[in-house]
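Heads up: numbering here begins at 1 and tracks the sequence. The model shown is predicted, which means the values in this text are computed figures rather than measured ones.
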Amino acid sequence: MKILINVVNARNVGGGLQVVHNFLLGTQQFARPDVEWYYAVSECLDSKYLDEIFKTKANSHYHVFPNQPDFLHTYRRVQNELRQLENDINPDVIYTILGPCYNFFKNREVIRFVHPWVVTSNPYAWSTLPFKTKIRMKIHILLLKKLVRRIPFIVTQTEAVKQGLIKELGKNPEHIRVINNVLPAVYASLENTPIEEQTSWVEIPVVGGGEHKNLDIIPYVLKELEESYGIKNYRFHITLPQSSPVLPVIEKKIKEFGFEDRIVNHGNLKQQDLAILYRSCKISFLPSVLEVFSASTIESMYFQLPTVATNLSFNTEVFADSCLYYTPKNFKGAASQIVKAVTDEKLRSELCDKMKKQLLRFNSFEKYFNDTVDFLIEVGSGKHQ
């Protein structure tokens, strides 16, 4: 079985690119005798993530393209080169991990689709967007729906997304495979015990980016912690790039409230560095109002961080009763639960015990990888018509 992995659009450092990187490594770590892998990767992946050992093993099956989509410069050339590569390989199936992609193929294609705005958005999420951004997002959703409609085979992470694809886009249920996200394999080789430091700060990670993550609630949570609880030593750690439109909003409010020392922005972190941050923290805070399946949920469980999160299905499906919840965008409720998660030792112990049990559902990257490959083989062999 010849499978071409198409990840020429893996250009933005972040969770999606980490998923791509982990899966590519899995093709060599969990080699299958029934699969011959080919790779069409972006320059971003090639230069920042994939090492020479991987490239050497991939050998002539490894092909690098300019980051896509780049409509003004390289798109047409890359489309032609991908088509030529497809003709040369004649793969049984193509797997586009960050789907949908703007490059089109003739052979069967499976896309991994996890865009939450298309079929699982909610009023909380829409309320986080400025008017112009909201208009652009609505147009973008129309385009994404058009692209997704043309691809019959889809891998996604939750049953909610599957049902949304069936209801809104008329997809065949047999052509959609739900495969839950799992803890990235790299963490299995990393220490997850707490790092004890002599400090008066209570460190709290708030990992992720984008308006839907609702990170701009943090200044108001800090203000509530001080005004209602007299707490001045809780410090939040965020991972926003300098280009993030949310960062200046947070910085402005933090300066206005005089809390500059209570937020640390690390920028984008690789998983090894993120692990160190988690190990240095007391609890985890997940204020997101829109996800399909956030890696931060299982990372929080792996590092045994009692977690405060929004009471929305993408969190409750993963955490169940191992988490403290609050109503989305309610900074008073968030602050109240954060104080409980930090100060109630009995509750902390109970949550950690529950997280250990819950994590068992999401700790096998090898199973996740093989479940995905099994579906690719089914599609490539013509089982689903």
Atom [atom1] in [X], atom [atom2] in [Y]: separation rounded to 0.5 Å?
| X | Y | atom1 | atom2 | answer |
| --- | --- | --- | --- | --- |
| K357 | C352 | NZ | SG | 13.0 Å |
| M301 | Q358 | CE | CD | 6.0 Å |
| Q337 | K332 | CD | NZ | 14.5 Å |
| F54 | L45 | CZ | CG | 9.0 Å |
| R76 | D70 | CZ | CG | 13.0 Å |
| L305 | L286 | CG | CG | 9.5 Å |

Is there side-chain contact between [X] and [Y], with heavy atoms separated by less than 4.5 Å?
| X | Y | answer |
| --- | --- | --- |
| N363 | Y302 | no |
| D46 | L50 | no |
| F113 | P100 | yes |
| P306 | L347 | no |
| S381 | M1 | yes |
| T158 | E317 | yes |
| H73 | Y75 | no |

If we count only N and O atoms by modelled type, under 3.5 Å, do the side chains of [X] and [Y] hold a donor and an acceptor together?
| X | Y | value |
| --- | --- | --- |
| E299 | Y187 | yes |
| T96 | N6 | yes |
| E86 | N90 | no |
| N233 | S200 | no |
| Q68 | T74 | yes |
| T199 | E197 | no |

Let me see the working for E224 and S228 under side-chain hydrogen bond (donor to acceptor under 3.5 Å, both in side chains), right down to the final yes or no. CA-CA 6 Å; E224 176 69 12; S228 296; 2.8 Å; yes
Please name all residues satisfying salt bridge (Lys or Arg N to Asp or Glu O under 4.0 Å) with E211, sequence neighbours left out, ordered by chain then number. none
Any residue meeting salt bridge (Lys or Arg N to Asp or Glu O under 4.0 Å) with K252, in chain and number order, not counting sequence neighbours: none
Considering non-hydrogen atoms only, spot the tightest contact between [X] and [Y] and give its length.
| X | Y | answer |
| --- | --- | --- |
| A125 | V289 | CA-CG2, 3.6 Å |
| W126 | K134 | O-CE, 3.3 Å |
| S280 | I195 | OG-CD1, 3.9 Å |

Show your working on side-chain contact (heavy atoms from CB on, under 4.5 Å) between F365 and L183 and close with a plain yes or no. CA-CA 7 Å; F365 182 80; L183 187 74; over 6 Å; no
Could you walk me through whether F331 and Y326 pass ring pair (Phe, Tyr, Trp, His ring centres under 6.0 Å), step by step? CA-CA 9 Å; F331 63 87; Y326 72 97; over 10 Å; no
Take atom [atom1] of [X] as the centre, draw a 6.0 Å sphere, and report whether it contains more than 12 heavy atoms from other residues, nucleotides or ligands.
| X | atom1 | value |
| --- | --- | --- |
| K329 | NZ | yes |
| K146 | NZ | no |
| Y102 | OH | yes |
| K55 | NZ | yes |

Could you tell me whether a side-chain N or O of [X] sits under 3.5 Å from a main-chain N or O of [Y], the two making a donor and an acceptor?
| X | Y | answer |
| --- | --- | --- |
| D92 | K2 | yes |
| E291 | F293 | no |
| N67 | C44 | yes |
| T133 | L129 | no |
| R83 | F104 | yes |

I would like to know whether V41 and V8 meet side-chain contact (heavy atoms from CB on, under 4.5 Å); could you show each step before the answer? CA-CA 5 Å; V41 308; V8 299; over 6 Å; no
Cation-aromatic face contact K282/W201, 6.0 Å, 45 degrees: no
Taking the six-membered ring of F30 as reference, does the cationic atom of K367 (NZ for Lys, CZ for Arg) lie under 6.0 Å from its centre and within 45° of its axis?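 No, K367 and F30 do not form such a contact.
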Go through the steps to decide whether V64 and E43 satisfy the test side-chain contact (heavy atoms from CB on, under 4.5 Å), and finish with yes or no. CA-CA 6 Å; V64 182; E43 289 178 346; 4.0 Å; yes
Hey, can you tell me if F369 and F23 have their rings parallel, tilted or perpendicular (30° and 60° cut-offs)?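 Tilted: the ring planes of F369 and F23 meet at 30° to 60°.
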List the steps, then state whether side-chain hydrogen bond (donor to acceptor under 3.5 Å, both in side chains) holds for T310 with N315. CA-CA 7 Å; T310 46; N315 283 325; 2.9 Å; yes
Worked verdict on F375 versus H384 for ring pair (Phe, Tyr, Trp, His ring centres under 6.0 Å): CA-CA 10 Å; F375 183 58; H384 302 287; 5.7 Å; yes
Go through the steps for E191 and T193 under the test side-chain hydrogen bond (donor to acceptor under 3.5 Å, both in side chains), then give the verdict. CA-CA 6 Å; E191 184 64 60; T193 57; 3.0 Å; yes
Exactly one of W37, Y39, Y38 should register a side chain to side chain donor-acceptor pair (under 3.5 Å) with T27. Which one does?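 For T27, the side chain to side chain donor-acceptor pair (under 3.5 Å) test succeeds with only one of W37, Y39, Y38, which is Y39.
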Candidate list R112, E109, R108, test side chain to side chain contact (heavy atoms under 4.5 Å, CB included), partner Y95, passing option: R112
Are the aromatic rings of Y368 and F362 close, with centres under 6.0 Å apart?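 Ring centres of F362 and Y368 not closer than 6.0 Å.
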Kindly determine whether Q84 and N80 satisfy side-chain contact (heavy atoms from CB on, under 4.5 Å), including the steps that lead there. CA-CA 6 Å; Q84 185 59 53; N80 291 335; over 6 Å; no
